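What follows is one structure encoded as structure tokens, with my remarks underneath.
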Amino acid sequence: MQSEFNSYESIKIYKDNHIHQYELDPEKLNEFHDQMMRSASKLALFHLEKEVGNPPCNYTWFVTGSGGRNEQGLISDQDHGLVYEEHSEIAHNYFEKLGKELSKGLHEIGYPYCEGKVMSSNPLWCKSLTDWKKQLINWMDNKSWESIRYLQIFYDSRSLVGASDLIIKLKNVILNYLNEHKKLIQRFMDNIQHIKNSVGPLGQIYVEPFGQYEGCIDLKKTAFLPYVNAIRLLAIKEGVVETSSLERIDCLSTMNTCYRELIHYKHNFEKLLKYRTLLYSNAQAYDDVHYLNVKQLTKQEKREVKDILKDGKKLHQFVQRIIDKGCFQ
């Protein structure tokens, strides 16, 4: 890969010219996304250092969402934040500027702004280590649907640049709190309970009835999220700090015999990643990499997709039983 870029435009050109060579390998595709985002962050920091100087303290720039889980598709939006070590006005002003530059830079190289504003340019996601700890505890004390959603988003965080130990320290704040407030895990479960119906009583796959994606199924909402949410919840419950769903399953399945059933769901998730690659050839926008046209599938593929969708609900039921009764043989 080219080692140095002198503009966001040069990163975008390189990204657009090379990304398709990785589209059939999810691991290499996510490594490529990491490389492009690190290049953008390096340029953002260069711009800021010219304006106001070097960072005043240690910090980490983290990615979350599908980026944090190493599950990005060909087209991915922004999900990221900043944690800086020093609790001071100087640090606040510096990283506020860096956060805005990072979001701007990512947008210019082809990562759309996050509709939910989970970005370093949002003060909610750009804080000192001290303020991050306070915010996490406030979210857990609050227990609202939104605050629990934010906690789940944060738990997918992965350090991309800087001091990765800052993220581990913050995840430990969540895990230590849960050890003292064990009922909070049920609020996490309540937060992910709604799953969009995707298979009818007669076994038919529900598709979009009209519009741009008529005849398609939204893989993100109906397939990926049920698996991602359920596996994340077990990871939080058991203190697993790995971020990818596949790594989380590997860790959980070795912790207790009751989790060996998760290997079946791992195979399903790997198949989902494969099916998403079918969408890349004609993808022009972010939503295009999520909608799968059912009519274009073979009979065997339709059966496989249907089983994956139905198993998403079974996985949620499995996790609910674990939370209600603990591990069982």
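The structure presented is a predicted model; accordingly, all values stated were derived computationally and were not measured.
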Would you please classify the geometry between the Phe95 ring and the Tyr84 ring as parallel, tilted or perpendicular, with 30° and 60° separating the classes?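 Ring orientation, 0 to 90° scale: parallel.
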Looking only at atom types and distance, does a side-chain atom of [X] sit under 3.5 Å from a main-chain N or O of [Y], one as donor and one as acceptor?
{"X": "His33", "Y": "Gly73", "answer": "yes"}
{"X": "Ser147", "Y": "Trp139", "answer": "yes"}
{"X": "Asp79", "Y": "Val63", "answer": "no"}
{"X": "Asn191", "Y": "Ile148", "answer": "no"}
{"X": "Tyr94", "Y": "Val52", "answer": "no"}

Identify whether the distance between the nearest side-chain nitrogen and carboxylate oxygen of [X] and [Y] falls below 4.0 Å.
{"X": "Arg158", "Y": "Asp34", "value": "yes"}
{"X": "Asp324", "Y": "Arg321", "value": "no"}
{"X": "Glu270", "Y": "Lys274", "value": "no"}
{"X": "Arg303", "Y": "Asp307", "value": "no"}
{"X": "Arg248", "Y": "Asp156", "value": "yes"}

Is there a side-chain contact between [X] and [Y] (heavy atoms, below 4.5 Å)?
{"X": "Leu175", "Y": "Tyr155", "result": "yes"}
{"X": "Tyr111", "Y": "Met119", "result": "no"}
{"X": "Leu272", "Y": "Arg276", "result": "no"}
{"X": "Ile109", "Y": "Tyr14", "result": "no"}
{"X": "Lys134", "Y": "Thr130", "result": "yes"}
{"X": "Ile174", "Y": "Met140", "result": "yes"}
{"X": "Leu315", "Y": "Asn268", "result": "no"}
{"X": "Gln152", "Y": "Arg232", "result": "yes"}

For [X], does the [atom1] atom have more than 12 heavy-atom neighbours from other residues, nucleotides or ligands under 6.0 Å away?
{"X": "Lys104", "atom1": "NZ", "answer": "yes"}
{"X": "Glu27", "atom1": "CD", "answer": "no"}
{"X": "Gln193", "atom1": "CD", "answer": "yes"}
{"X": "Ile90", "atom1": "CD1", "answer": "no"}

Can you confirm whether or not the ring centre of [X] sits under 6.0 Å from the ring centre of [Y]?
{"X": "Trp132", "Y": "Phe154", "answer": "yes"}
{"X": "Phe318", "Y": "His264", "answer": "no"}
{"X": "His290", "Y": "Phe224", "answer": "no"}

Can a donor-acceptor pair be found between the side chains of Thr222 and Ser198 at a distance below 3.5 Å?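 There is no such pair (donor and acceptor under 3.5 Å, judged by atom type) between the side chains of Thr222 and Ser198.
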